[in-house]
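This report refers to the structure that appears directly beneath it.
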Amino acid sequence: MKKMKKFAALFLAAALVTACVACGNDAGTDESGSSVSEESSSESSEGSEESGEVSDAGTESSEASDSESEESGAEGEAGGVASGEVMSYADYAAAAVDEQVVVETYVQAKQSWWENQATLYTQDKDGAYFVYNAECSEEDYAKLTPGTKIRVTGFKAEWNGEVEIMDAVFEIIEGGDSYVAEAEDVTALLGTDELIAHQNKFVSFKGMTVESSGKNADGSEAAYLYNYDGSGEDGSDLYFNVSLDGQTYTFTVESYLCDNTTDVYAAVKNLQVGDKIDMEGFLYWYEGVNPHITSVKAAE
């Protein structure tokens with residue numbers, strides 16, 4: 001009797017398994033023989049659409065976040081995004097050539113702009129920075145009035161003694177303070193090793209004597225030359241020699257900085273050998289002191 005009950009129980013279990021398998025095959029197969037039912041396919045499609053909506057929403061959120069990030073990064077930006085820890089002038093001066101530098105400084109004068117690159121004379125209360133060919137749109141260049149505060153990121157470089165920042169980007173510091181340097185009298189430092197420590201600053205020279213720069217076509221002494229060798233013409237750089245205590249120095253009116261329509265250009269063209277003059281300009285360096293002069297007048 002126990003054997004009969006056991007057999008009956010086994011028979012019922014086997015029948016149950018067979019029925020379940022048959023039901024599973026019927027639910028998973030449509031008339032075309034597809035392994036997925038229409039209802040299941042529809043639910044899957046709806047789930048996929050809902051998933052797509054979530055994905056699209058996530059993409060839109062990501063794009064909005066990226067856009068906000070770009071707008072935030074572009075705020076006050078000119079030419080590129082200047083970033084990194086800002087250096088003091090002392091740290092900048094101590095940095096090695098080719099080292100990346102980041103400084104906050106103030107525009108003092110604009111030398112030139114072309115092909116979306118700007119060359120600037122800049123200075124803070126501790127020292128000066130010559131920024132050479134920084135990325136800059138023409139629109140941004142127009143914003144760089146004297147005193148404008150900017151953050152510059154680039155690489156320290158040296159060219160024939162002139163220390164500068166190259167391959168730079170900068171941003172205008174919106175709402176920043178303003179600073180325009182007074183000309184520092186460095187006349188007494190001419191001919192000393194100390195002078196180079198004031199490189200690129202806005203400086204003045206007092207009571208200097210105009211010396212001959214060569215010969216004019218008529219054989220008279222020339223007070224200036226177009227270009228360093230006399231090869232230029234009106235509109236070229238002006239080179240002229242001045243002396244102090246028996247030492248002669250070559251000063252320049254850089255035509256990109258002060259062209260032939262400026263007062264200083266006209267003043268140098270009117271110089272005579274032997275004139276005593278006072279000058280202001282930027283302490284540029286080229287194989288020695290070679291100031292870029294912005295103002296010339298009779299000595300007081």
Side-chain angles (χ1 to χ4, degrees), residues 106-112 119-123 128 130 145-147 162 179-300:
Y106 303 82
V107 176
Q108 303 299 304
K110 300 185 291 188
Q111 177 170 293
S112 61
T119 295
L120 311 169
Y121 298 85
T122 76
Q123 189 170 338
F130 185 65
T145 55
E162 170 63 19
Y179 174 72
V180 176
E182 296 287 336
E184 180 180 348
D185 187 349
V186 295
T187 310
L189 298 181
L190 282 166
T192 72
D193 293 338
E194 188 180 345
L195 182 62
I196 197 169
H198 299 268
Q199 186 177 144
N200 297 318
K201 283 184 179 179
F202 185 54
V203 297
S204 65
F205 304 91
K206 304 290 182 66
M208 302 193 71
T209 302
V210 177
E211 301 290 344
S212 173
S213 294
K215 297 287 187 179
N216 289 313
D218 61 4
S220 62
E221 297 295 329
Y224 67 91
L225 297 175
Y226 291 116
N227 292 338
Y228 72 96
D229 58 357
S231 63
E233 58 186 8
D234 188 51
S236 301
D237 296 346
L238 297 180
Y239 283 75
F240 61 105
N241 292 334
V242 291
S243 67
L244 181 74
D245 299 332
Q247 295 292 319
T248 299
Y249 307 91
T250 299
F251 286 15
T252 302
V253 176
E254 163 61 59
S255 59
Y256 287 130
L257 177 62
C258 298
D259 64 21
N260 60 354
T261 67
T262 59
D263 291 343
V264 65
Y265 200 97
V268 170
K269 288 178 65 175
N270 287 325
L271 290 177
Q272 301 294 321
V273 173
D275 287 349
K276 294 278 189 181
I277 58 175
D278 293 340
M279 294 165 285
E280 293 180 345
F282 295 97
L283 193 59
Y284 191 80
W285 214 265
Y286 179 79
E287 298 180 355
V289 60
N290 180 220
H292 287 176
I293 297 302
T294 60
S295 172
V296 171
K297 61 182 181 180
E300 296 179 353

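Each residue takes its place number in the sequence, starting with 1. All figures in this text were calculated on a predicted structure; none of them were measured in a lab. Values below: all heavy atoms of this structure, side chains included; hydrogens, waters and symmetry mates excluded.
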Taking every non-hydrogen atom, the tightest pair across [X] and [Y]:
| X | Y | value |
| --- | --- | --- |
| E280 | S204 | CG-CB, 4.0 Å |
| N241 | T250 | OD1-OG1, 2.9 Å |
| C258 | I293 | SG-O, 4.1 Å |
| V296 | M279 | CG2-CG, 3.8 Å |
| S255 | G235 | CB-O, 3.3 Å |
| N227 | S236 | OD1-CB, 3.5 Å |

Nearest-0.5 Å distance, [atom1] of residue [X] to [atom2] of residue [Y]:
| X | Y | atom1 | atom2 | result |
| --- | --- | --- | --- | --- |
| T187 | K206 | OG1 | NZ | 6.5 Å |
| T119 | K110 | OG1 | NZ | 12.0 Å |
| D245 | T209 | CG | OG1 | 9.5 Å |
| H292 | D237 | NE2 | CG | 7.5 Å |
| T122 | Q108 | OG1 | CD | 7.5 Å |
| D234 | K269 | CG | NZ | 3.5 Å |

### Query
Does the side chain of T248 come under 3.5 Å of the side chain of E211 through a donor N or O and an acceptor N or O?
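Side chains of T248 and E211: no pair found under 3.5 Å.
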### Query
With a 3.5 Å cut-off and no angle check, do the side chains of S212 and E221 form a donor-acceptor pair?
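The answer is yes; a qualifying pair exists.
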Within a reach of under 6.0 Å around [atom1] of [X], are more than 12 heavy atoms found that belong to other residues, nucleotides or ligands?
| X | atom1 | value |
| --- | --- | --- |
| E194 | CD | no |
| D263 | CG | no |
| D229 | CG | yes |

Listed by chain and number, what are the ring-ring contact (aromatic ring centres under 6.0 Å, His included) partners of [X], not counting sequence neighbours?
| X | answer |
| --- | --- |
| F240 | none |
| Y265 | none |
| Y286 | W159 |

### Message
What verdict does the side-chain contact (heavy atoms from CB on, under 4.5 Å) test give for N290 and E162, after you've listed the backbone C-alpha separation in whole Å, the side-chain angles of each residue and the deciding distance to 0.1 Å?
### Response
CA-CA 10 Å; N290 180 220; E162 170 63 19; over 6 Å; no
### Task
Check the pair L189, H198 against side-chain contact (heavy atoms from CB on, under 4.5 Å), reporting the backbone distance first and the verdict last.
CA-CA 10 Å; L189 298 181; H198 299 268; 3.6 Å; yes
### Query
Are the ring centres of F130 and Y121 closer than 6.0 Å?
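Yes, close enough.
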#### Entry: Q111 side chain vs A109 backbone, donor-acceptor pair below 3.5 Å
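Looks like no, no N/O pair under 3.5 Å.
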### Task
Just say parallel, tilted or perpendicular for the rings of F251 and Y249, cut-offs at 30° and 60°.
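F251 vs Y249 ring planes: tilted.
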### Message
Within the structure provided, determine whether P291 and L283 are in side-chain contact (heavy-atom separation under 4.5 Å).
### Response
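Counting from C-beta outward, P291 and L283 do come under 4.5 Å.
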### Task
Taking the side chain as every heavy atom from C-beta outward, state whether T294 and F282 have any atom pair closer than 4.5 Å.
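Yes, side chains in contact.
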### Task
Take W285 and I196 through the side-chain contact (heavy atoms from CB on, under 4.5 Å) test and state the conclusion after the steps.
CA-CA 8 Å; W285 214 265; I196 197 169; 3.8 Å; yes
